[in-house]
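Below, chain A is the first sequence line, B the second, and so on; all start at residue 1.
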Protein chains: 2
Amino acid sequence: MGRPRSFDIDRALDRALLVFWRKGYEGASLSDLTKAVGVNRPSLYAAFGDKEALFRKALDRYLKGPAAYTQEALREPTARAVVDRLLLGAADLNTARRNPGGCLMVQGALACGEAADSIRQELTACRAAGEVAMRRRFDRAKSEGDLPANVNPADLARYIAAVLYGMAVQAAGGASRSKLQRVVEMALRTLPM
Amino acid sequence: MGRPRSFDIDRALDRALLVFWRKGYEGASLSDLTKAVGVNRPSLYAAFGDKEALFRKALDRYLKGPAAYTQEALREPTARAVVDRLLLGAADLNTARRNPGGCLMVQGALACGEAADSIRQELTACRAAGEVAMRRRFDRAKSEGDLPANVNPADLARYIAAVLYGMAVQAAGGASRSKLQRVVEMALRTLPM
DNA sequence: CAACATTTGTACCGATAGGTATGAAAGAGG
DNA sequence: CCTCTTTCATACCTATCGGTACAAATGTTG
């Protein structure tokens, strides 16, 4: 009971996500956010908490929405298919017309002042978790005979992660989808599998 | 003539560079900068101009100092040696003890608010210029029979750039030098040359 | 030593940052 | 219809942002 909320909370989170995505955590001001969401400042605070909490919720929505393909990619049957889908999916996501270029986990807070440091750490941990998930998947692939014996799963995961991050940086700089796809091609061309 | 400046201008630039490198353009406040440089605010402004001008001068110093190895790398005799040196040099620079982790051209201003947008564009242009320089070097390599015919110099340059940026992101997250070196190994392992 | 040019330190500027106090508005439940 | 609970809009808070006015200090030059 009480006065009903006049905006959809998930739509609001989507709008906020786009602002954080484009401007990063530090570059996104409360004024930017309230303007994009179409809601007054106290309403934002009541619904999501402070800026940091709002970012964390937007990040969560990012991971479960635009970036959810990574989870599906890891369920592909072969290591090769996993890598294929991770990289091509990133090329798509990083350059999707309706989104800002790049990846929130990379450009959300790569280097920042003290105030944003806990967000930077959270994103760092997110990326590390992604690398761990890849390594686990490659561990499995190896036990399934899906990866050559001379390939270290952790090294492969780190390498794929580096290519993913590199594509995100290029997309943040305006690289087109086809250019990113050629990066993927180069990275895939001579993979040890 | 007039009262002599009480600080060394290049030392000051080095200090400012470290702050921008660690915190990015937006995250580095004037207070951070004056404190690190050990100079009062009006002195900083008199010596370098506003924050934007100071960043550009710090970037210039970065390119001519810590990042100067890239120019040398491009002068290596073979494409393979060029790539080798570029990647291993990046692993070193990104994780050098005395520097912040990562690369100023990547984390200086990857995503930011409007106030920092011209810096973002400058860094984007810097990265693009680096890719062009690599492409030119690979063009030459191809004319020298140093690259297989089926390798597109622009694609190779973009791919190497992506790996470089990816390593920078990982270093910004605290990746060790040996981990970056293993990324380099993976990237080099199966290069088409 | 005196005149001058420049830098230095202090103290301040308006604008904006993130965040909130407060009362009116809007429904749900009795 | 009246009460109660929650949200909404305005207006404001303090701290900090980038940037500067001004006068004392420090040399160089004649």
- The correct set of residues in residues 19-28 of chain B placing a heavy atom under 4.0 Å from DNA chain C is none

- Task: Identify whether the distance between the nearest side-chain nitrogen and carboxylate oxygen of B/D32 and B/K35 falls below 4.0 Å.
- Result: no

- In sequence, state the C-alpha distance, the side-chain angles, and the governing distance for A/L110 and B/V169, and then conclude on side chain to side chain contact (heavy atoms under 4.5 Å, CB included). CA-CA 7 Å; A/L110 195 53; B/V169 171; 4.1 Å; yes

- Message: Pair A/K142, A/D146 - check salt bridge (charged side-chain N to carboxylate O under 4.0 Å, His left out), show working.
- Response: CA-CA 5 Å; A/K142 202 162 183 180; A/D146 192 23; over 6 Å; no

- Any side-chain heavy-atom pair of B/L156 and B/L147 under 4.5 Å: yes

- Check ion pair A/D155-A/R158 (N to O, under 4.0 angstrom): yes

- Message: Regarding B/R140 and B/E144, does a basic nitrogen lie under 4.0 Å from an acidic carboxylate oxygen?
- Response: yes

- Going by number, which of residues 33-47 of chain B have a non-hydrogen atom under 4.0 Å from DNA chain D? B/R41, B/P42, B/Y45

- Message: Please encode protein proximity along nucleotides 25-30 of chain C as a string of B, S and -, counting only heavy-atom distances under 4.0 Å.
- Response: BBB---

- Axis-to-axis angle across the helix from C/dC1-D/dG30 to C/dA28-D/dT3, five pairs an end, to 10 degrees? 0°

- Task: Output yes when A/D139 and A/R135 qualify as a salt bridge under the 4.0 Å nitrogen-oxygen rule, no when they do not.
- Result: yes

What pairs of donor and acceptor atoms, side-chain ones from residues 72-81 of chain B against any protein atom, are under 3.5 angstrom apart with sequence neighbours left out?
unit_1	atom_1	unit_2	atom_2	d
B/E72	OE1	B/R85	NH2	2.6
B/E76	OE2	B/R85	NH1	2.5
B/T78	OG1	B/A81	N	3.0
B/R80	NE	B/D84	OD1	3.4
B/R80	NH1	B/L188	O	3.3

- Item | Donor-acceptor pair between A/S118 and A/R56 side chains, under 3.5 angstrom | yes

- Task: Using a cut-off of 6.0 Å, state whether more than 12 heavy atoms not belonging to B/R189 lie near its atom CZ.
- Result: yes

- Message: Applying side chain to side chain contact (heavy atoms under 4.5 Å, CB included) to A/L44 and A/L33, what does each step give before you reach the verdict?
- Response: CA-CA 9 Å; A/L44 250 188; A/L33 292 163; 4.2 Å; yes

- On DNA chain D, which is the earliest and which the latest nucleotide, 5' to 3', with an atom closer than 4.0 Å to a heavy atom of chain A? D/dT5 to D/dT10

- Using a cut-off of less than 4.0 Å, is there contact between a side-chain N or O of A/S31 and OP1 or OP2 of C/dA17? yes

- Item | Stacked cation flag B/R41 on B/Y45, 6.0 angstrom / 45 deg | no

- Roughly, in whole Å, what's the span from CZ in A/F48 to P in C/dT20? 16 Å

- Given salt bridge (charged side-chain N to carboxylate O under 4.0 Å, His left out), test A/D10 with A/R61 step by step and report yes or no. CA-CA 9 Å; A/D10 284 331; A/R61 193 157 174 84; 3.5 Å; yes

- Message: Taking the basic N atoms (NZ, or NE/NH1/NH2) and the acidic carboxylate oxygens, is any pair closer than 4.0 Å for A/E131 and A/R127?
- Response: no

- Assess B/R22 against B/F20: is NZ or CZ under 6.0 Å from the centre of the six-membered ring, and within 45 degrees of the ring's axis? no

- Item | Euclidean distance, atom CG of residue A/D32 to atom P of C/dG19 [Å, nearest integer] | 14 Å

